[in-house]
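Report on the structure given below.
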Amino acid sequence: MLKYAIVLYNQAMNKLDLIKNKVIVSCQAMPNEPLYKEECMKAMIQSVLKGMPAGLRVAGTRDVKLAKSLTTLPVIGITKPDVIPPNFKEIVYITPTIADVTALAQAGADIIAFDATTRPRPGGDTLKNIIKFIKINKKIAMADISTFEEGLNARALGADILSTTLSGYTTQSNFDGKEPDFDLLKKLVNTVHCPVILEGRIWTLEHVKKAFDLGAHSVVIGSAITRPQLITKMFVSWNKIVD
């Protein structure tokens, strides 16, 4: 039984090679957005797949199952609330509980991403147990962090991947959030011995190139590809940039 479990885990870890030096696309929408409809999300994922990403990041068990039905590429799964609360910088809301981990694993996620800050989690679950249960389910544990210290802590607890996802989105992070947090990426790459992913505020090819030059294992791009309302807003505000 133990031997079989080790084989399954090694097979999961092999998926890290499939995303090395490549781009992953986050295909997400909130329930109050038109693209949240299942037929719309299916079309979005199908369109993204035609661009040949290395993997997908999706939210919720519905979309994990949907993604797995459309591709054999690695799928990163998360859970998050239907409405992001105003105090989102103060709370854990990305895959906060063991129940969320179990649901994502059963839905077929290859990689399970979670808030890896040291803040209290709902229901009394701990970061240590979140990572433990991901491993029990033979999945890859991806720690979404906001600071260097959080990265070190998550890695010490057994996280397989560190991602800069939450930099600039927590009260613990002092990052101004105008561009990707390249400093955090560089510091992690030079310190920890595991894949480090750059995620957050990636809008240009120059951002992607710099990330890989600094040693990123992968780059996750979301809004710049799959959030048309944010892309539109950026271009509509061109006059503010000129001024």
Review point. Quick one: which of Val64, Val75, Asp110, Val58 gives a side-chain contact (heavy atoms from CB on, under 4.5 Å) with Leu104?
Key: Val64

Study note, to complete from the structure: In Ile78, Ile161, Thr95, Leu162, the residue satisfying side-chain contact (heavy atoms from CB on, under 4.5 Å) with Met142 is Ile161

Nearest-0.5 Å distance, [atom1] of residue [X] to [atom2] of residue [Y]:
X	Y	atom1	atom2	value
Asp144	Ile76	CG	CD1	8.5 Å
Lys22	Leu18	NZ	CG	7.0 Å
Leu56	Leu49	CG	CG	5.0 Å
Gln172	Lys89	CD	NZ	10.5 Å
Lys65	Thr61	NZ	OG1	5.5 Å
Phe148	Asn153	CZ	CG	12.0 Å

Exercise for review: For atom CG of Asp176, decide whether the heavy atoms of other residues, nucleotides or ligands shown that lie under 6.0 angstrom number more than 12.
Suggested key: yes

**Study point:** Over 12 non-hydrogen atoms of neighbours within 6.0 angstrom of NZ in Lys80
**Key:** yes

Given 3.5 Å as the limit, does a donor-acceptor pair link the side chain of [X] with the main chain of [Y], or not?
X	Y	value
Glu150	Ser146	yes
Lys42	Leu66	no
Asn137	Phe133	yes
Lys138	Ile136	yes
Lys15	Ile140	no
Asp160	Ala141	yes
Thr164	Asp181	no
Thr226	Ser223	no

Under 3.5 Å, which donor-acceptor pairs do the side chains of residues 193-202 form with other protein atoms, sequence neighbours left out?
{"unit_1": "Glu199", "atom_1": "OE1", "unit_2": "Arg57", "atom_2": "NH1", "d": "3.1"}
{"unit_1": "Glu199", "atom_1": "OE1", "unit_2": "Ser163", "atom_2": "OG", "d": "3.4"}
{"unit_1": "Glu199", "atom_1": "OE1", "unit_2": "Thr165", "atom_2": "OG1", "d": "2.8"}
{"unit_1": "Arg201", "atom_1": "NE", "unit_2": "Gly177", "atom_2": "O", "d": "3.4"}
{"unit_1": "Arg201", "atom_1": "NE", "unit_2": "Glu179", "atom_2": "O", "d": "3.0"}
{"unit_1": "Arg201", "atom_1": "NH1", "unit_2": "Ser167", "atom_2": "O", "d": "3.1"}
{"unit_1": "Arg201", "atom_1": "NH1", "unit_2": "Tyr169", "atom_2": "OH", "d": "3.1"}
{"unit_1": "Arg201", "atom_1": "NH2", "unit_2": "Ser167", "atom_2": "O", "d": "2.9"}

**Study point:** Side chain proximity check, Ile221 to Val23, heavy atoms < 4.5 angstrom
**Key:** yes

Review point. Pro180 versus Leu185: any side-chain heavy-atom pair under 4.5 Å?
Key: no

Minimum heavy-atom separation for [X] to [Y], with atom names?
X	Y	value
Arg119	Thr117	NE-OG1, 2.9 Å
Leu188	Gly151	CD2-CA, 4.3 Å
Lys68	Leu73	NZ-O, 4.4 Å
Val189	Ala216	CG2-N, 4.4 Å
Asp125	Ile98	OD2-N, 2.9 Å
Cys27	Met44	CB-SD, 3.7 Å

Given the rule that I, L, V, M, F, W and Y join up when any side-chain heavy atoms are under 4.5 Å apart, are [X] and [Y] in one cluster?
X	Y	result
Tyr93	Met30	yes
Val48	Val220	no
Val192	Leu16	no
Trp203	Val219	no
Leu230	Ile225	no

Check your understanding: Checking side-chain contact (heavy atoms from CB on, under 4.5 Å) for the pair Leu214/Phe182: CA distance, chi angles, key distance, verdict?
Key -> CA-CA 8 Å; Leu214 290 174; Phe182 292 114; 3.8 Å; yes

Exercise for review: List for me each residue that meets salt bridge (Lys or Arg N to Asp or Glu O under 4.0 Å) alongside Asp63, sequence neighbours excluded, and say none if there are none.
Suggested key: none

Practice item. Under the side-chain hydrogen bond (donor to acceptor under 3.5 Å, both in side chains) rule, collect the residues that match up with Arg62, sequence neighbours excluded. Key: none

